[in-house]
Amino acid sequence: MHWADVIASELIEISSFHRIATGISPSGHIHLGNLREMVTADAIRRALIDAGGRAELIYIADDMDPLRRRYPFLPEKYSEFVGMPLCNIPDPDPSGCHESYSEHFLQPFLESLEILGIPVETRRASEMYKQGLYEDAIKVALKNSEKVAKIIREVTGRELEEDWYPFMPICEKCGRINTTKVTGFDENGVYYSCKCGNSGKVGYKGGGKLSWRLDWVARWKILKITCEPFGKDHAAAGGSYDTGKRLAKEVFEYPPPFPVPYEWIHLKGVGAMKSSKGIVIPVRDLVETLPPELVRYVIIRAKPERHIEFDPSIGLLEIIDEFEEKFKEKDRSVQLSLVQEVKYSNVPFRHLIVVGQIANWDLNKAIEILERSGYSSENLKEDVERRLRYCKVWLEKYAPKTLKFEVISGKVEINEEEKKFIEKYAEKLREDMDAETIHKLVYEIAKDCGIDANKAFKAIYKILVGKDYGPRLGYFIKSLGVDWVKKRFHEAY
RNA sequence: GGGCUCGUAGCUCAGCCAGGUAGAGCGACGGGCUUUUAACCCGUCGGUCGCGGGUUCAAAUCCCGUCGAGCCCGCCA
C-alpha cells in the first residue's frame with residue numbers, strides 16, 4: 001500500500017473530511033525541500049478523495065516572521081531590516097518586482113503550485129492577524145501565560161523568565177518584532193518596551209504575533225486543521241509538535257492535527273537544501289526544467305520519513321526512466337503524481353535528449369527524425385512538443401557534459417588512415433541518400449579502406465563534434481545536411 | 001540529555017504497518033545486436049536481511065537489547 005493511502009486510511013477513520021495545513025516560510029527562495037511539504041499534503045489529499053473522503057489544503061504563509069539575519073544572498077543594507085516582519089521589508093530584487101520581501105518569494109511559489117496541480121487556499125499570517133482572526137487566541141495565550149510557560153518548561157526543559165509572555169509586539173518606532181518585550185496587557189492592547197528605547201501599546205489586530213510555538217497551535221484551531229505534514233525539526237522530542245500537542249489540548253482546547261513528519265531533501269554532493277545558505281533549487285526553476293508530474297514523482301515515490309538525495313543531473317535521468325517504466329504499469333506513485341491527463345508517447349526522455357540536439361530543438365525536425373526512427377503514435381507531436389521544451393532546459397541547466405554535443409568548426413587532427421577514409425566517404429556521400437544508406441556507407445567504405453568500422457565512426461565524430469562518439473550517424477548527417485557535412489569534411493584538415 | 005530515520009546483492013533501494021520458501025533496477029560476467037552518447041534483447045553470478053536474544057508451528061517483518069551511520073530538538077522558527 002502506498003504511504004499516502006496508509007495515511008488516508010488512518011485519517012478517514014477519524015473523519016471523512018480533512019483540512020490539511022502547510023506552512024512553508026517565505027523567508028527566502030522556496031525550494032524543492034520545502035516543496036516536499038506541499039506535495040506530501042497534496043498526495044494525502046488525493047488519497048483521501050480516492051478513499052471516498054473529502055479534503056482541503058491550506059497554506060499559511062508566515063509573512064509576520066522576522067528576518068533572522070542578513071542571508072548571504074541579500075544586499076549589505078538588509079542588515080537594517082533584521083528583526084522586522086518579512087511583509088514589511090522591501091523586495092530584495094533590485095527591480096523591486098514585488099511589494100514586499102515575502103511576496104517576492106511567495107508569488108513564484110504560488111505560480112508553481114498551480115503548475116503542479118496543487119489546489120491550495122493561501123492565507124497570509126499578516127492578513128490573518130490584521131483581520132483579528134488571532135485576537136481570541138492571543139488573549140487566551142496571554143491570560144494563560146503561566147500555564148503556557150509551565151508546559152514549555154516541562155516539555156522542553158527550557159527555562160523561561162518569570163515575566164515571559166508568548167507574544168511579540170511589533171515596535172511602532174523601529175518596526176522590529178524580536179526586540180520587544182511584553183510588559184503587560186489589558187482589553188485595549190498589549191504594552192511593551194523595545195530595545196530601541198521605545199515603549200508603547202499595540203492592538204490585538206496586527207500589532208504583533210504569537211511566538212512560534214503558540215502561533216502554530218493557534219492556527220490549528222482558527223483554521224480547523226486536522227492534519228499537517230511538517231519537517232522533522234518540529235517532530236523531535238521537545239520540539240514544537242510536542243509542545244503543540246499539550247498547548248492545543250490544555251490551553252486552546254482543540255485536538256492536535258494528525259502529524260506527518262517528513263525528512264529533508266538533500267542536494268546530491270552538497271547537503272541539505274537551506275534557503276538561508278542559498279544552496280537550493282527553487283521550485284520555480286524546477287517546474288521549468290521538469291514536467292510537473294515528474295517534480296511530484298521525485299517526492300511521492302519516497303516515503304516521507306526517508307531522506308531524498310536529489311541529483312538533478314544524471315540521477316534525475318534514472319528517475320525519469322523509472323517514471324516512464326512505471327507509467328505503463330499504472331503505478332500508484334505515478335497516479336498520485338500525474339497532474340492532468342498526459343499522454344506519453346513511447347519516446348524515452350533519454351532519446352529526446354539526442355534528437356533535440358540534432359534537431360536543434362526544432363519541433364518539426366525532431367518529429368521528422370523520430371518518425372524516421374520508427375516512432376509513431378497519435379499523440380507523438382503533442383507529447384514531443386511538451387517534453388522537448390523540458391528536455392532542452394534540463395540539458396542546459398543540469399545535464400552532464402557527456403550527454404551534450406556541439407557541432408564544431410575549424411581544423412581537426414586526424415591521421416592518414418582516417419583522412420583516406422573521410423575522403424573516400426565524402427566522395428560517395430550523396431544528398432539523396434537516406435539516413436540508413438548514409439549509415440551503411442560507413443561500413444562499406446571502411447571495408448574498402450581496410451580500417452575498422454569503429455575507427456571510421458570515430459573519425460567522423462571527431463570532425464563533426466570533436467569527440468570519439470556521437471548520436472547515431474545516419475540521422476545525424478542527414479539532419480545536418482549532406483552538403484554541409486561534405487563542406488565540413490573539407491575544411492577540417 | 002532526549003527523539004527520529006536508516007542498516008536487505010558490488011551500488012540504489014522495495015518488501016516490514018496486517019509474520020508464511022528473500023525481490024527490482026543498475027553494475028559485473030557470458031551471449032546476441034554492422035553504435036539511440038550510460039540503446040535494446042537473452043542469460044549467469046551475487047544476500048547467515050548490521051549483531052544478540054525473545055515470542056511463534058513459522059521472523060527481514062513483531063518485542064527487548066546492542067552496534068554502526070545520518071539527521072533533528074535542548075537558540076529562533
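Throughout, a chain's letter reflects where its sequence line sits, starting with A, and its residues are numbered from 1. These numbers come from the heavy atoms of this one structure, side chains and all, not from hydrogens, waters or symmetry mates.
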Starting from the 5' end of RNA chain B, give me the residue, A:Ala235 or A:Glu263, whose nearest nucleotide shows up first. A:Ala235

Return the nearest nucleotide to the side chain of [X]; candidates are [options].
{"X": "A:Ala237", "options": "B:rG2, B:rC73, B:rC17", "answer": "B:rG2"}
{"X": "A:Arg158", "options": "B:rG74, B:rG2, B:rC71", "answer": "B:rG74"}
{"X": "A:Met168", "options": "B:rC17, B:rA77, B:rG2", "answer": "B:rA77"}
{"X": "A:Phe405", "options": "B:rC71, B:rA77, B:rU37", "answer": "B:rU37"}
{"X": "A:Lys303", "options": "B:rA77, B:rG70, B:rG15", "answer": "B:rG15"}
{"X": "A:Val6", "options": "B:rC17, B:rC71, B:rA77", "answer": "B:rC17"}
{"X": "A:Glu305", "options": "B:rG70, B:rA77, B:rU5", "answer": "B:rU5"}

Starting at atom [atom1] of [X], determine the distance to atom [atom2] of [N], rounded to an integer number of angstrom.
{"X": "A:His266", "N": "B:rU12", "atom1": "NE2", "atom2": "P", "result": "15 Å"}
{"X": "A:Asp242", "N": "B:rG1", "atom1": "CG", "atom2": "C1'", "result": "15 Å"}
{"X": "A:Trp264", "N": "B:rC72", "atom1": "CH2", "atom2": "P", "result": "8 Å"}
{"X": "A:Arg153", "N": "B:rC73", "atom1": "CZ", "atom2": "P", "result": "22 Å"}

Check: [X] ring centroid to [Y] ring centroid under 6.0 Å:
{"X": "A:Phe105", "Y": "A:Tyr101", "result": "yes"}
{"X": "A:Phe252", "Y": "A:Tyr254", "result": "no"}
{"X": "A:Trp216", "Y": "A:Phe230", "result": "yes"}

Between A:Arg301 and B:rG25, is there a side-chain N or O to OP1/OP2 distance below 4.0 Å? no

Considering every strand and a 4.0 Å limit on heavy-atom distances, what is the contact class for [X]: base, sugar-phosphate, or nothing?
{"X": "A:Asp233", "value": "base"}
{"X": "A:Gly157", "value": "nothing"}
{"X": "A:Met64", "value": "nothing"}
{"X": "A:Gln357", "value": "base"}
{"X": "A:Arg306", "value": "sugar-phosphate"}

If we take the [atom1] atom in both [N] and [M], what is their distance in whole Å?
{"N": "B:rG3", "M": "B:rG74", "atom1": "P", "value": "15 Å"}
{"N": "B:rA39", "M": "B:rA22", "atom1": "C1'", "value": "31 Å"}
{"N": "B:rU21", "M": "B:rA60", "atom1": "P", "value": "10 Å"}
{"N": "B:rC45", "M": "B:rC62", "atom1": "P", "value": "31 Å"}
{"N": "B:rC49", "M": "B:rG23", "atom1": "C1'", "value": "12 Å"}
{"N": "B:rU61", "M": "B:rG7", "atom1": "P", "value": "12 Å"}

Watson-Crick or G-U wobble partner of B:rC13, both distances under 3.5 Å: B:rG23

Any ion pair linking A:Asp5 and A:Arg46 (charged N to carboxylate O, less than 4.0 Å)? no

Answer with yes or no whether A:Glu322 presents, from its side chain, a donor or acceptor under 3.5 Å of a partner atom in the base of B:rU12.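 Answer is no: no donor-acceptor pair is held.
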
Indicate whether any N or O donor in one side chain lies under 3.5 Å from an N or O acceptor in the other, for A:His31 and A:Asn34. yes

Using distance alone, with no hydrogens and no angle criterion, decide if A:Tyr262 and A:Glu305 have a side-chain donor and acceptor under 3.5 Å apart.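 Looking only at side-chain atoms, A:Glu305 and A:Tyr262 do not form any donor-acceptor pair under 3.5 Å.
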
